[in-house]
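Taking it in order: structure first as structure tokens, then the write-up.
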Amino acid sequence: MQERYEPAAVERAAQAYWDDNKVFEAREDANQDKFYCLSMFPYPSGRLHMGHVRNYTIGDVLSRFHMMQGKSVLQPMGWDAFGLPAENAAIKNGVPPAKWTRDNIAYMKGQMKMLGLAFDWSREFATCDPPYYHWNQWLFLKMLEKGIAYRKTGVVNWDPVDQTVLANEQVIDGRGWRTGAPVEKREIPMYYLAITKYADELLGDLEKLPDWPERVKTMQANWIGKSEGCEISFPYAPDTKALMGADGALKVFTTRADTLFGVTFMAVAAEHPLALAAGAKNAQLQSFIDECRRGSTMEADIATQEKKGRPTGFHVLHPFTGQMVEVWVANYVLMAYGEGAVMGVPGHDARDYEFALKNKLPIVQVVKSKTGAYENIDPPWQDAFGDYGITMNSGEFSDLGFQQAVDEIAAALEKKGLGRKRVQWRLRDWGISRQRYWGCPVPLIHCAKCGEVPVPEKDLPVVLPEGLVPDGSGNPLNKTPSFLDVKCPTCGADARRETDTMDTFVDSSWYFMRFACPDANTMVDGRTNYWMQVDQYIGGIEHAILHLLYSRFWTKVMRDLGLVTVDEPFKNLLTQGMVLNHIYYREPAPGRRDYFNPADVEVLLDENNQRKGAILLSDNQPVEWDGLGTMSKSKNNGVDPTSFVEQFGADTARLFMMFTAPPEQTLEWSEEGVQGSYRFIRRLWKAVFDQVNAPPPADAITITEFNKGKLNAEQKELRRIAHHTLEKVTDDIGRRRSFNTAVASVMELLNAVAKFDNKPLYGRVVAHEALEIAVMCLSPMIPHVTHVLWRELGHHNALIHERWWKPDPDALVQDTVEISVQVNGKMRARVSVAADASQEAAVTAALADANVIKYMEGKPLKFSKYIAGRMVTLVV
RNA sequence: GCCCCGGUGGCGGAACUGGUAGACGCAACGGACUUAAAAUCCGUCGGUCGCAAGGCCAUGCCGGUUCGAUUCCGGCCCGGGGCACCA
């Protein structure tokens with residue numbers, strides 16, 4: 001064994017062994033437990049960033065750990081290959097998206113291989129491969145048959161200069177990113193998937209996911225947003241009857257029917273039919289409606305914009321009092337939620353209150369608090385009273401609690417035919433049409449005679465032509481006759497192919513099922529039922545809602561079509577935190593910033609070890625610090641995985657990421673931390689080197705039942721630490737997924753080995769066993785170096801093929817334990833008691849301590865408790 | 001604006017079910033080795049009072065529950081993620 005740790009040689013040797021022996025090719029084996037471990041597949045953006053490395057390392061640690069538990073492990077990798085950046089690159093460089101994407105995949109795959117990840121590459125695919133997206137199209141047609149996929153209009157961002165639809169991220173301050181033209185909202189026909197049909201199940205089945213983070217489930221539940229409330233109809237007043245040309249009513253949905261008597265106005269969205277009809281008769285109102293139609297479609301923008309409204313001049317009637325209530329158009333009412341109209345109750349809703357104050361509308365109090373606050377205050381008071389309380393000023397419905405008021409009002413409305421209780425979901429159906437080239441084609445044909453005709457199954461997949469180069473002005477498929485021109489499958493006449501492609505979330509909604517059977521000539525096969533569910537899914541918290549919800553929905557649709565047996569795709573979910581680095585810059589001119597990579601900057605500390613500034617190493621001149629941010633090209637604070645591995649090796653990168661922060665938290669990059677991880681691996685290498693290169697021990701015998709009892713106290717203690725470490729690491733990786741504490745405990749073990757005297761009889765055997773445990777425990781995190789060290793410790797079997805050891809119960813027993821003693825909640829002493837001491841014995845020992853006696857001040861004991869192995873608490 | 005999460009020494013973090021706050025690592029400081037540097041090894045390391053034993057303060061801020069709160073409850077401040085066409 002050589003004394004020096006050389007990561008490049010070690011990693012080459014270990015990777016060669018794994019490749020040559022196809023160690024990570026997964027096999028379906030009915031006699032073994034299976035473990036399907038999946039990291040979210042990447043978008044092939046060009047190069048791996050450290051966030052990817054972190055994500056895949058977490059998955060790799062778990063995969064290797066479960067392999068060593070004797071499970072049949074599947075850890076696949078693929079590419080989420082359709083999407084906007086490829087089109088942007090094409091616009092910039094004139095390269096077809098397909099070529100750009102496939103080049104990126106080749107480069108990033110090389111980077112992944114360098115990291116020694118235990119991927120089964122035989123199952124790799126990209127979502128832009130026709131044999132994959134074939135089944136997007138096939139399932140879309142099945143959904144069309146079932147009525148889950150359907151057509152309706154939807155609102156998009158429209159760039160009037162480029163005559164093209166823009167993604168939200170292409171809208172900058174309300175203007176098109178390329179043209180600078182003010183963006184308009186435009187309604188166009190689109191295809192939708194009826195995810196709302198599954199709203200109840202998607203909400204209820206969150207209970208079937210005990211191993212998901214609570215916060216993700218909460219976010220999903222709030223997103224689905226089940227509200228129980230009332231639908232209420234406000235009949236048209238005569239003026240509105242005349243406008244709309246018929247009897248009718250303005251429908252609203254509310255969760256606060258108890259405030260119905262507080263209605264002082266109605267508000268409808270700019271797209272509401274009543275608004276459109278009124279606008280046609282009133283130029284001023286029409287210009288306000290036009291103003292609302294400009295600007296962003298994003299909810300965050302709508303919710304933060306100034307609340308504006310205009311009266312329509314038309315009225316509806318209150319369902320109980322018959323009073324005339326004026327209808328307003330307001331920019332904060334969303335057409336997509338509920339009925340696109342709300343009743344305005346300024347006394348008891350914060351947004352309505354703000355709106356009423358601004359527009360000088362009356363405010364009426366109809367609920368008072370149970371405690372007396374907000375009782376009969378002359379409006380306008382300082383704020384809306386939004387809490388539940390007791391109704392007042394509500395005719396026959398006064399003096400009721402919230403639930404009773406809602407129940408009685410709903411019943412009365414139902415009798416009049418003007419309302420009923422119902423459930424409203426916040427969740428909206430999923431619009432999947434994209435007016436873009438680089439995506440999966442929607443398999444439909446438009447025929448002048450037959451209308452919209454599905455592409456027959458035998459003609460699937462509809463293959464996307466790969467050589468086109470978008471130029472930013474619309475979808476190039478619309479200029480490609482070879483794609484566009486097609487015969488109608490029904491009547492044979494000339495017809496036109498649909499040019500919309502699918503949202504890329506479709507591609508990622510079932511890729512995890514295809515990894516089970518990437519070569520199948522059906523969508524999925526029996527192997528999918530073998531591998532599903534994904535036992536462990538790992539990815540960024542930014543996917544907590546959309547991707548995970550769409551995948552759950554898609555899985556349920558496939559289940560209902562009889563394609564799979566599972567109804568939830570991901571058993572256990574880990575949402576990993578982001579990787580941050582420091583940001584440094586100089587401002588050579590106002591508004592212009594030059595950013596510097598943290599690797600080229602030295603931090604200056606003051607006498608208290610506090611950061612006082614930083615200088616650029618190349619010129620020793622100061623640079624400004626702008627805090628921490630995600631690694632990005634624009635801030636020049638990225639760390640390139642390839643050059644990192646060349647310098648330190650993959651194991652150091654992996655160890656640093658696993659040790660520095662728990663997986664769910666953000667991770668701050670630190671050059672010193674990297675050095676620390678590298679140093680630890682060198683220490684481990686040196687410890688094994690010292691062990692195997694010392695002269696052969698006279699006591700080269702294993703720890704057996706026979707001689708365990710002959711160990712001295714120090715040897716027993718090292719064995720206890722070693723087996724305790726094994727126990728803790730097994731639990732930390734297997735149950736808690738707490739990799740940083742697992743590493744920390746092995747560090748403690750190695751510290752103990754360093755202090756250990758291996759000269760006496762059995763000493764070297766005990767040290768050898770401790771090092772074997774350290775190497776095994778670290779192997780999921782740093783697989784290359786441990787692969788080599790395991791061999792050096794005398795094992796013929798490769799470490800990845802070893803079964804994970806179980807701690808020796810004999811090694812773990814302790815005769816006495818140190819416990820703490822609290823008097824009246826304050827720590828006062830530590831005493832030693834037998835490990836199996838009773839409460840009585842422990843309390844007696846505690847009461848004998850001098851410091852305890854001092855703080856008891858001779859007072860009688862009122863209460864005592866022994867928390868086994870930890871502490872005694874005494875109250876006087 | 002709405003939903004969710006987080007805040008602990010100079011720094012990253014630990015404390016798993018309400019029971020020893022600061023494991024492990026980094027930085028810093030002192031020492032050994034060295035012609036020297038690097039590397040390595042040994043030691044100190046929240047604040048404060050004390051010769052010491054030991055005491056007091058301290059987990060973003062304010063308040064509460066409890067024998068006991070980083071942990072539970074209420075209110076606030078700050079930072080981050082998501083908001084449906086970035087993926």
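Chain naming here is simple, since letters A, B, ... match the order of the sequence lines and numbering starts at 1 in each.
- Residue contacts for A:P213: at a heavy-atom cut-off of 4.0 Å it reaches no nucleic acid atom on any strand shown.
- Under 4.0 angstrom from either OP1 or OP2 of B:A87 there lies at least one side-chain N or O belonging to A:T504.
- Under the salt bridge (Lys or Arg N to Asp or Glu O under 4.0 Å) criterion, A:R552 pairs with A:E568, not counting sequence neighbours.
- Of the candidate nucleotides B:A21, B:C24, B:A14, B:C24 has the atom lying nearest to any side-chain atom of A:E748.
- In this structure, A:I58 and A:S39 have side chains that are not in contact, with every pair of non-hydrogen atoms separated by 4.5 Å or more.
- Contacts of A:R4 with the nucleic acid, taken as non-hydrogen atoms under 4.0 Å apart, are absent.
- The shortest distance between the side-chain N/O atoms of A:Q665 and the OP1/OP2 oxygens of B:G13 is below 4.0 Å.
- Remark: A:K728 does not engage A:E748 in a salt bridge, criterion side-chain N to carboxylate O under 4.0 Å.
- Of the listed residues (A:W554, A:F553, A:Y550), just one forms a ring-ring contact (aromatic ring centres under 6.0 Å, His included) with A:Y198, and that residue is A:F553.
- Comparing A:Q822 and A:H543 against RNA chain B, the residue whose closest nucleotide sits nearer the 5' end is A:Q822.
- Taking 4.0 Å as the cut-off between side-chain N and carboxylate O, A:R256 and A:D349 do not count as a salt-bridged pair.
- When heavy atoms are screened at a 4.0 angstrom cut-off, A:Q675 is found touching no nucleic acid atom at all.
- At a threshold of 4.0 angstrom between heavy atoms, the contacts of A:M502 with the nucleic acid are absent.
- When distances are taken from the side chain of A:T741 to each of B:C85, B:A87, B:A15, the shortest belongs to B:A15.
- The aromatic ring centroids of A:F648 and A:F656 lie 6.0 Å or more from each other.
- Residue contacts shown for A:W430 are absent, as no nucleic acid heavy atom lies under 4.0 Å away.
- Counting any heavy atom pair closer than 4.0 Å across all strands shown, A:T873 reaches a base atom.
- Contacts of A:Y855 with the nucleic acid, taken as non-hydrogen atoms under 4.0 Å apart, involve only primed sugar atoms and P, OP1 or OP2.
- Nucleotide B:A87 forms no Watson-Crick or G-U wobble pair with any nucleotide shown, as no partner meets the under 3.5 Å limit on both distances.
- Nucleic acid contact for A:T304: base, since at least one base atom lies under 4.0 Å from a heavy atom of the residue.
- Positionally, the nearest nucleotide of RNA chain B for A:A303 lies more toward the 5' end than for the other of A:A303 and A:S677.
- Put simply, A:R870 has no side-chain N or O that comes within less than 4.0 Å of OP1 or OP2 on B:G19.
- If you check every strand for non-hydrogen atoms under 4.0 Å, A:K686 touches nothing.
- A:F659 comes within 4.0 angstrom of a base, heavy atoms only.
- Under 4.0 angstrom from either OP1 or OP2 of B:C4 there lies at least one side-chain N or O belonging to A:N222.
- For the C1' atoms, the distance linking B:U34 with B:A39 amounts to 11 Å, nearest Å.
- At the heavy-atom level, A:E668 lies under 4.0 Å from the strands shown only through sugar-phosphate atoms.
- Base pairing analysis places B:A21 opposite nothing; no Watson-Crick or G-U wobble pair with both distances below 3.5 Å involves it.
- As judged by a 4.0 angstrom heavy-atom cut-off over every strand, A:M298 is placed among residues touching the sugar-phosphate backbone only.
- As the counterpart of B:C51, no nucleotide is assigned, since no Watson-Crick or G-U wobble pattern has both distances under 3.5 Å.
- OP1 or OP2 of B:U40 has at least one side-chain nitrogen or oxygen of A:R682 nearer than 4.0 Å.
- Following rounding to the nearest Å, A:N824 (CG) and B:G19 (P) show an atom-to-atom distance of 19 Å.
- The phosphate of B:A15 has OP1 or OP2 within less than 4.0 Å of a side-chain N or O from A:R736.
- Look at A:K826 and you'll find a side-chain N or O under 4.0 angstrom from OP1 or OP2 of B:C57.
- Within the 4.0 Å cut-off from OP1 or OP2 of B:A14, at least one side-chain nitrogen or oxygen of A:N740 is found.
- Side-chain N/O atoms of A:R828 include one lying less than 4.0 angstrom from OP1 or OP2 on B:C56.
- Taking side-chain N and O atoms only, A:R215 has no distance below 4.0 Å to OP1 or OP2 of B:G6.
- A salt bridge links A:E214 and A:K217; the closest N-O separation between the charged side-chain nitrogens and carboxylate oxygens is under 4.0 Å.
- One can place CG of A:L874 at 15 Å from P of B:U20, the figure rounded to the nearest angstrom.
- Across all strands shown, A:R679 has heavy atoms under 4.0 Å from sugar-phosphate atoms exclusively, and none from any base.
- At a threshold of 4.0 angstrom between heavy atoms, the contacts of A:I867 include nucleobase atoms, whether or not backbone atoms are also involved.
- Listed nucleotides B:C85, B:C4, B:C16 differ in distance to A:M219; the shortest reach to its side chain belongs to B:C4.
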